[in-house]
Amino acid sequence: MSRAKRAEFWKFVFWIALALVVLNYTTGVFVYRNYADKLSKAKAVCKVRFEDGTIRGRVVIEGFSGLKIHPVDYQVYFQDNRRGNVLKLVSNSMFGQKEAEFVTDAWAGYEQGSWHAQGYSNVSIEWLWLKINLYLPLEVEIE
């Protein structure tokens with residue numbers, strides 16, 4: 001092979017490699033943006049109702065269109081506003097179900113309203129070749 005053809009060959013290899021790098025980067029950016037957009041639409045909601053000294057609640061994971069989601073568990077914390085102490089903790093596994101309900105005893109003095117509730121849910125998400133374990137903050141709504 002002549003010197004000119006060898007130089008032409010390496011120039012061709014360089015441009016093919018560069019094109020593949022640019023294509024890989026561009027594909028990664030679009031896939032990641034689509035994945036991030038789908039994740040940003042996800043939310044976890046917990047609706048809580050007090051009845052006759054019990055706490056009844058329902059946890060719902062929603063908004064994962066086009067993603068395989070496997071809810072793992074949830075935790076709801078009822079905390080004292082003054083000291084920040086945990087008054088009641090409700091947690092359970094969701095076993096891959098997008099909805100879960102719970103019933104538990106309320107604590108003494110819950111009627112006074114000097115507390116707040118917060119929580120989170122752990123989920124496992126799959127999309128294309130991407131897999132992530134993520135925790136979602138629970139939007140706790142008191143009815």
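Residues Leu128 and Leu67 share a hydrophobic cluster, clusters being chains of Ile/Leu/Val/Met/Phe/Trp/Tyr side chains in contact below 4.5 Å. Criterion: ILVMFWY side-chain heavy atoms under 4.5 Å apart, direct or through other members. Under it, Val60 and Leu134 are not part of a common hydrophobic cluster. Linking Ile, Leu, Val, Met, Phe, Trp and Tyr residues whenever their side-chain heavy atoms come within less than 4.5 Å places Val90 and Leu87 in a single cluster. The cluster map of Ile, Leu, Val, Met, Phe, Trp and Tyr, joined by side-chain heavy atoms under 4.5 Å apart, puts Leu89 and Val72 in different clusters. Hydrophobic clustering (ILVMFWY, side-chain heavy atoms < 4.5 Å, transitive): Tyr25 and Trp129 are in distinct clusters.
When every heavy atom of Gln97 is checked against every heavy atom of Pro71, the shortest pair comes out as O-CG, 3.2 Å. Ser114 and Asp80 get closest at one heavy-atom pair: O-OD1, 3.4 Å. Here the shortest heavy-atom pairing between Leu138 and Gln75 reads CD1-O, 3.7 Å. When all heavy atoms of Ala44 and Leu136 are compared, the closest pair comes out as CB-CB, 4.2 Å.
In this structure, Thr54 contributes its side chain and Glu51 its backbone to a donor-acceptor pair below 3.5 Å. Looking at Ser121, its side chain does come within 3.5 Å of a backbone N or O of Asp73 through a donor-acceptor pair. Panel note: side chain Thr104, backbone Arg56; no donor-acceptor pair is recorded below 3.5 Å.
At least one side-chain heavy atom of Leu20 sits under 4.5 Å from a side-chain heavy atom of Ile16. Side chains of Lys131 and Ser124 form a contact here, defined as non-hydrogen atoms less than 4.5 Å apart. Between Tyr35 and Leu39 the shortest side-chain heavy-atom distance falls below 4.5 Å. Counting heavy atoms from C-beta outward, Asn133 and Asn122 have side chains that stay 4.5 Å or more apart. With a 4.5 Å cut-off on side-chain heavy atoms, Val29 and Tyr32 do not count as touching.
Crowding of Lys88 atom NZ: a count of heavy atoms from other residues, nucleotides or ligands under 6.0 Å exceeding 12.
Between Ile142 atom CD1 and Cys46 atom SG the span is 7.5 Å, to the nearest 0.5 Å. Annotation: the span from Glu126 atom CD to Ile132 atom CD1 amounts to 12.0 Å, rounded to 0.5 Å. Distance check, rounded to the nearest 0.5 Å: CD of Gln118 to CZ of Phe78 gives 11.0 Å.
Under the rule for a side chain to side chain donor-acceptor pair (under 3.5 Å), the partners of His116 that lie at least two apart in sequence or sit in another chain are Gln79, Asn81. Residues satisfying the side chain to side chain donor-acceptor pair (under 3.5 Å) test with Ser91, not counting sequence neighbours, are none. By the ring pair (Phe, Tyr, Trp, His ring centres under 6.0 Å) test, Tyr135 is found to be paired with Tyr120, residues two or more places apart in sequence or in another chain being considered. Residues passing the ring pair (Phe, Tyr, Trp, His ring centres under 6.0 Å) test with Tyr77: none are found, sequence neighbours excluded.
Among residue pairs with one or both ends in residues 24-39, those qualifying as salt bridge (charged side-chain N to carboxylate O under 4.0 Å, His left out) are Asp37-Lys41; sequence neighbours excluded. Pairs passing the salt bridge (charged side-chain N to carboxylate O under 4.0 Å, His left out) check and including a residue from residues 91-110, sequence neighbours excluded, read Arg58-Glu99.
Aromatic ring orientation, Trp115 versus Trp107: perpendicular (interplanar angle above 60°, classes split at 30° and 60°).
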